[in-house]
Amino acid sequence: MTDTEIKKGLAGVVVDYTAVSKVNPDTNSLLYRGYPVQELAAKCSFEEVAYLLWNGELPTPDQLAEFTARERAGRALDPALKAIIDALPKNAHPMDICRTAASVLGARHELAENSSPEANMNKAIDLFSAMPAVVAYDQRRRHGQHIVEPRDDLGYSANFLWMTFGEEQVPEVVDAFNVSMILYAEHSFNASTFTARVVTSTLSDLHSAVTAAIGALKGPLHGGANEAVMHTFDEIGIRNDESLEDAAARAKAWMEDALAQKKKVMGFGHRVYKHGDSRVPTMKAALDKMIAHYGRPELLGLYNGLEQAMDEAKAIKPNLDYPAGPTYHLMGFDTPTFTPIFVASRITGWTAHIMEQSASNSLIRPLSAYNGVEQRSM
Ligand code: COA
C-alpha cells in the first residue's frame, strides 16, 4: 500500500449514509433532518429538537406534551448515582464524572441488555433527562453546595440552569442557553459520533457507545476546545473594568505571539468547515446578548482581538466552541463544566446515530498498512 492510499485521520473518507444531519461546508450550512439549524435555534425548544433528531419530524403539540412529561419525570438524580459521584474526587475532571455517570446509568438500566429500537429510544430519552442533574450537581458539589432538586414547571434549559445555580434565570439567559444546546446537538460523523457508531457496530449497547463518545469528546481537538478557549481568555487576563479597545489590543498581541510560536489556538479551525463554522453567527449573537445583559464589553474586546489577529495571520475562522465558552462563563458555569454541557446536548445526536447505525449495521473495521520491521527469526 502506498502513502497516498492512506487517509490519515480518515480525512475526506465517506464511510456511510446518514439521514440525521447534513453539513455543507461550501454553503456553510447545517441541517438537522432537513431544517436549518439557525431556524431551529430561533423557533424551537431543545426538547423539540431532540424529538426531531430521534424521530425525523418535529413533534405535534400532543407528541410534545407527552415527550415533555416523560423528560420531566426522569430529571431527578438517581440516589445510587449520587453516592457514586460523591465517592469521586472533587478535583476529578467533570467529563470523567459524566463518563462514569453514563456507564452507571447503563448498568442500572432495566433494559440494560436490550438493544431493540424501542429499548434504545427509551434509553436515549432517559439519558437526555438524567444528564443535566449530573452536570449541575457536580458543579455544585465542587463549591460545597447541596443538590438542587429539579422543577417540573420549567422547560429543559430553564431547569438545567435552576439545578446548577439554585435560582431561576431571566428569559434572555434561558434563551441563550437553549440556543447553545440546539447548536451543540448534532454534527454528522464528528469524532465522538463516529466513536459511538463504531461501538454500536459491534452490537454493544447504547450506554457503552455513549460512554465511549464522552471519552472522545473530552479531548481539546474536539469538545474540550470550549474550555480551552476560556483558558486562553484567562491567560490573556480578563479585566472587568477594561475598555473593549484595550482588551482587543492585548488579545491581538497575544495571538500574534502565539502564532509566531506556532501554537494551535483552540476554538479556531475545523476539519470540515474551511470558510467558517455555520453555527458561529447564531452562537455569537447569543454571546452578544449575554455580554450586553451582564455588562461585560471587555470580553467582546478579547473575542474580537483574537478573531481579527487569527484572520489577518492565517484566515482561520472561529468554530462553535469560540463563542460558546465565554457565553457559559458569563452565565456562571465553571470552565471545566463547559464540555459536560456539550455532552448533555450531544447525547441527542449520538443516540440518533446509534439508532441509525443499529438499524443498518455493518461492523466498522478499517485496515492498516504495516510499517514495522519485516518478518525475522529469533
Ligand atoms: N490554531 C493555529 N493554527 C491552526 C489551527 C488553530 N486552531 N487550526 C488549524 N491550524 C493550522 C494548522 O497548524 C495547519 O497549518 P500548516 O498547514 O501550516 O501546518 C493548518 O491550519 C491545517 O490544520 P490541521 O490541523 O491540519 O487541520 P485539521 O482539519 O486536521 O484540524 C482541527 C481541524 C479542528 C483539529 C484544528 O483546526 C484544531 O486543532 N483546532 C483547534 C481545536 C478546536 O478548536 N477544536 C474544536 C473543533 S470544533
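Positions are given from 1, in the same order as the sequence printed here. Atoms within a ligand are numbered from 1 in the order they appear, just like the ligands themselves.
- Every atom of ligand 1 with a heavy atom of D321 under 4.0 Å away is listed here by number and element: 46 (C), 48 (S).
- Of all the listed residues (P318, G269, A228), G269 holds the heavy atom that lies closest to atom 34 (C) of ligand 1.
- Of the listed options N226, V265, V229, N319, N319 places a heavy atom closest to atom 47 (C) of ligand 1.
- At a 4.0 Å heavy-atom cut-off, ligand 1 touches K314 through the side chain alone.
- Nearest protein heavy-atom neighbour of atom 4 (C) of ligand 1: I316 CD1, 3.4 Å.
- Of the protein's non-hydrogen atoms, the one nearest atom 48 (S) of ligand 1 is H270 CD2, 3.6 Å.
- The heavy-atom pair separating A41 from L183 by the smallest distance is CB-CD2, 4.5 Å.
- From the protein, the heavy atom lying nearest to atom 36 (C) of ligand 1 is K264 NZ, 3.8 Å.
- Here is the list of ligand 1 atoms found below 4.0 Å of a heavy atom in P220: 42 (C), 43 (C), 45 (N).
- Residue contact check: G267 has heavy atoms under 4.0 Å from atoms 43 (C), 44 (O) of ligand 1.
- Close contacts of ligand 1 with K263, meaning ligand atoms under 4.0 Å from a residue heavy atom, involve 2 (C).
- If you check which protein heavy atom lies closest to atom 29 (O) of ligand 1, you get K274 NZ, 2.9 Å.
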Test side chain to side chain contact (heavy atoms under 4.5 Å, CB included) applied to I364 and Q357, step by step: CA-CA 10 Å; I364 299 173; Q357 179 72 34; 4.1 Å; yes

